[in-house]
Amino acid sequence: MARDAHGKKSVPLEVDGKRNLIGLDFDELSAALAALGLEKFRTAQVWSWLYSRGARDFAAMTDLAKPAREKLAEHYVIARPSVSQHQKSKDGTQKWLLKMADGQEVECVHIPETDRGALCVSSQVGCTLTCRFCHTGTQRLVRSLDASEIVAQVMLAKDYLNEWDVPAQSRLRGACEAGVPQSSRARTKTGKPGGSPAVRLLTNIVMMGMGEPLFNYENVAKALRIVMRGDGIAIGKRRITLSTSGVVPLIERCGAELGVNLAISLHAVTDELRDQIMPINRKYPIKELLAACRAYPGASNARRITFEYVMLKGVNDSPADAKQLVRLLRGIPAKINLIPFNPWPGTPFECSERNVIEKFGDIVNAAGYASPIRATRGDDIMAACGQLKSASMKLSAAERAAIDRLIAEKDRAQGLSA
Ligand code: SAH
Ligand code: SF4
């Protein structure tokens with residue numbers, strides 16, 4: 001069983017004592033089938049049923065002999081997490097609150113564009129880190145997700161978006177069983193039910209949901225390798241972005257082994273401020289973080305590193321901050337994403353005024369860096385960046401004090417106390 005960065009076991013998705021086939025890599029699947037006496041070439045067939053066609057049970061795998069299907073069903077399940085809540089924003093963004101086999105919950109968000117779309121995937125229940133502007137950082141319960149639980153987020157979104165390559169009849173049956181609303185089952189090339197969808201709406205993955213992906217590297221890497229394989233879900237490394245708060249020792253490995261796009265949550269240009277708002281900076285300060293970015297395998301002008309910068313009113317948004325940002329990034333193939341701060345109940349921060357954000361962007365732009373202001377998506381359903389948390393809540397002063405104590409405890413446990 002995989003372990004996370006803290007040596008804790010992550011919990012696999014198991015149902016009624018049967019192991020989930022989702023989340024096994026190709027070699028593990030091959031070994032699992034061999035142990036049941038199935039021939040080697042069956043692995044590619046089962047893989048395709050799981051990850052190309054989105055089969056939800058073994059009975060659907062019609063090119064497997066009945067006894068083989070029964071044997072598989074005796075020992076394994078094909079399990080998705082259950083959906084505790086499904087919300088759709090007025091801008092089309094969808095958010096799922098997913099319940100894992102042990103009852104823990106995470107959120108997963110789909111952000112559609114006209115001809116593509118990104119799925120924002122969680123890597124942990126909560127987060128051990130305590131970035132002061134982030135709702136997830138105030139969550140008490142923390143555990144890392146297993147590879148199956150990470151892959152299953154992508155699969156569940158594909159169920160809802162009706163984006164599996166399956167024949168018409170099973171496609172409709174699968175969607176009905178998944179409880180997928182009729183409206184999201186109707187969109188096809190021909191406008192008729194069945195067939196392949198005309199426009200894919202799950203084309204990109206961003207590891208920007210709950211949790212710090214590099215604190216759960218093994219499971220995240222395994223899940224992304226499953227998602228990237230061309231004979232399955234086939235979302236390639238150039239369409240996957242991993243966002244980190246700056247876990248310096250794992251950045252190089254992530255680039256060398258996975259080759260995905262890198263995003264860095266920078267948010268401050270001095271160690272003094274970054275230490276305060278992102279305590280991980282006390283362990284890995286700005287200089288070390290940027291050195292790791294300079295050395296990131298595969299970064300080039302064609303594949304720039306994204307620096308995320310949340311705009312906090314009166315905290316990090318002055319013209320002097322913008323100029324310092326430009327100085328810091330010199331020599332790094334970078335683009336800067338300016339993120340309007342998304343508020344959540346009990347936060348001490350406010351978002352910078354629009355004209356302040358624009359002025360900040362102009363300075364960065366004039367220095368030759370693209371600096372788009374990220375459109376806020378899904379904020380009416382608390383699905384925007386930094387708003388994810390398993391339970392929504394309103395805070396009293398006493399509750400706020402309790403959260404401050406919790407943050408101090410979490411920082412101490414990480415060796416990040418001020
Ligand atoms: N743990 C990883 C990935 C998840 S956070 C990381 O920190 O990079 C995804 C992005 O949302 C990060 O850049 C994070 O800093 C940003 N974010 C967090 N809280 C936010 C908020 N309230 N408003 C806007 N962006 C926020
Ligand atoms: Fe964790 Fe990222 Fe939120 Fe920081 S910003 S608390 S690292 S999820």
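Just so you know, these numbers use all the heavy atoms, side chains as well, and skip hydrogens, waters and symmetry mates. Counting starts at 1 for both ligands and their atoms, in listed order.
Residue contacts with ligand 1, taken as heavy atom pairs separated by less than 4.0 Å, involve Asn342 via backbone and side-chain atoms alike.
The atoms of ligand 1 that sit less than 4.0 Å from any heavy atom of Glu212 are 1 (N), 2 (C). For ligand 1 and Thr244, the ligand atoms under 4.0 Å from any heavy atom of the residue are 6 (C), 8 (O). Those atoms of ligand 1 with a heavy atom of Cys134 less than 4.0 angstrom away are 18 (C), 19 (N). In the vicinity of Ile339, heavy-atom distances shorter than 4.0 Å reach the ligand 1 atoms 24 (C), 25 (N). Atom numbering of ligand 1 starts at 1 in the shown order; those under 4.0 Å from a heavy atom of Val310 are 23 (N), 24 (C), 25 (N). Close contacts of ligand 1 with Trp344, meaning ligand atoms under 4.0 Å from a residue heavy atom, involve 22 (N).
The aromatic rings of His135 and Trp344 lie parallel to each other, with less than 30° between the two planes, well short of the 60° mark.
Inclusion of Met208 in the set of residues having an N or O under 3.5 Å from an N or O of ligand 1 is not warranted. Looking at His135 next to ligand 1, no N or O pair under 3.5 Å apart turns up.
The shortest separation from a heavy atom of His267 to ligand 1 is under 4.0 Å, placing the residue in contact. For the ligand labelled ligand 1, residue Gly209 lies inside the 4.0 Å heavy-atom shell. Look at Gly211 and you'll find a heavy atom under 4.0 Å from some atom of ligand 1.
Remark: Leu214 CG to Thr244 OG1 distance equals 4.0 Å, nearest 0.5 Å.
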Verdict with supporting geometry, Arg405 and Glu409, salt bridge (charged side-chain N to carboxylate O under 4.0 Å, His left out) = CA-CA 6 Å; Arg405 277 198 299 279; Glu409 253 170 55; over 6 Å; no
Assess whether side-chain contact (heavy atoms from CB on, under 4.5 Å) is satisfied between Cys254 and Val260, documenting all intermediate values.
-> CA-CA 7 Å; Cys254 172; Val260 294; 3.9 Å; yes
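For atom 1 (Fe) of ligand 2, protein N/O/S neighbours under 2.8 Å (waters excluded) are Cys127 SG.
The number of heavy-atom neighbours closer than 6.0 Å to CZ of Arg253, taken from other residues, nucleotides and ligands shown, is above 12.
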Would you list the atom pairs, donor with acceptor, under 3.5 Å between side chains in residues 24-34 and any protein atom, with sequence neighbours excluded?
| residue | atom | partner | partner atom | Å |
| --- | --- | --- | --- | --- |
| Asp25 | OD1 | Asp27 | N | 3.2 |
| Asp25 | OD1 | Glu28 | N | 2.8 |
| Glu28 | OE1 | Asp25 | N | 3.0 |
| Glu28 | OE1 | Lys222 | NZ | 2.8 |
| Glu28 | OE2 | Lys222 | NZ | 3.3 |
| Ser30 | OG | Thr43 | OG1 | 3.3 |

Output side-chain donor-acceptor pairs under 3.5 Å for residues 328-340, partner residues at least two apart or in another chain, one line each.
none

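Every residue two or more places apart in sequence or in another chain that forms a side-chain contact (heavy atoms from CB on, under 4.5 Å) with Ala292 is listed here: Val248, Ile251.
Look at Arg80 and Glu149 and you find no salt bridge, because none of the NZ, NE, NH1 or NH2 atoms lies under 4.0 Å from a carboxylate O.
Residues Cys108 and Leu119 share a closest heavy-atom pair of SG-CD1, 3.8 Å.
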